[in-house]
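Please read all numbers here as calculations on a predicted model, not as lab measurements. Just so you know, ligand 1 is whichever comes first in the structure, and atom 1 is the first atom listed for that ligand.
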Amino acid sequence: MAGDPRRPAHLSAVSFAEPALRLTAAQHQAIVAHCFDGLPDEACGLLGGPLADELEPEGIVTSIFPCRNADASARTYTVDSRDLIKAMRAAESEGGDLIGVWHSHTHTDAYPSDTDVRQAAEPGWIYMIVSLKHPEPVTRAYRIRDGEITEVEIQIV
Ligand SMILES: [Zn+2]
């Protein structure tokens with residue numbers, strides 16, 4: 001990923017937060033497809049996987065849950081509350097929990113907006129953003145804790 005011309009300059013010497021986010025190519029494709037399906041609005045969904053302890057995900061994604069954007073907006077997203085409950089139950093029934101959320105940026109880079117940072121209520125979650133600004137979608141992931149953004153490496157396994 002080094003030398004990626006789409007990477008914002010301030011991330012050029014990035015050190016990633018642990019753990020890395022690990023998902024399959026099929027999961028990644030389904031997430032990106034869900035983001036395209038949501039156009040012109042932002043799309044969002046939830047990631048399920050095992051926890052290393054009470055708060056910390058192991059980083060492995062075992063399930064993805066495409067959700068409705070209750071805002072139906074091209075600028076903001078709120079995961080539909082019924083979809084959230086359904087995904088939570090499904091993740092728990094697999095012995096894991098929700099470990100993160102993805103959403104799309106239709107016209108901006110794959111970097112958390114001020115609103116994303118303000119609304120990041122789950123310090124244990126991994127926040128994945130799919131940018132559809134360029135012809136090729138760009139996917140990145142972050143931890144957002146106490147207003148501080150740290151990039152998380154995405155490993156397609
Ligand atoms: Zn956003």
Going through the checks in order, is the side-chain contact (heavy atoms from CB on, under 4.5 Å) test met by V61 and I126?
CA-CA 11 Å; V61 175; I126 295 169; over 6 Å; no
Please list all pairs meeting salt bridge (Lys or Arg N to Asp or Glu O under 4.0 Å) that have one or both residues in residues 19-44, counting only residues at least two apart or in different chains.
none
Evaluation steps, side-chain contact (heavy atoms from CB on, under 4.5 Å), between W102 and Y127:
CA-CA 6 Å; W102 80 77; Y127 291 85; over 6 Å; no
For R68, give me all partners under salt bridge (Lys or Arg N to Asp or Glu O under 4.0 Å), at least two apart in sequence or on another chain.
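Partners of R68 under the salt bridge (Lys or Arg N to Asp or Glu O under 4.0 Å) test: D80, D83.
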Should the pair R143-E122 be classified as a salt bridge under the 4.0 Å nitrogen-to-oxygen rule?
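E122 and R143: not salt-bridged.
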Could you please tell me which protein N, O or S atoms lie under 2.8 Å from the Zn ion (ligand 1)?
H103 NE2, H105 NE2, D116 OD1, D116 OD2
Sequence neighbours excluded, which residues qualify as side-chain hydrogen bond (donor to acceptor under 3.5 Å, both in side chains) partners of H34?
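side-chain hydrogen bond (donor to acceptor under 3.5 Å, both in side chains) list for H34, sorted by chain: empty.
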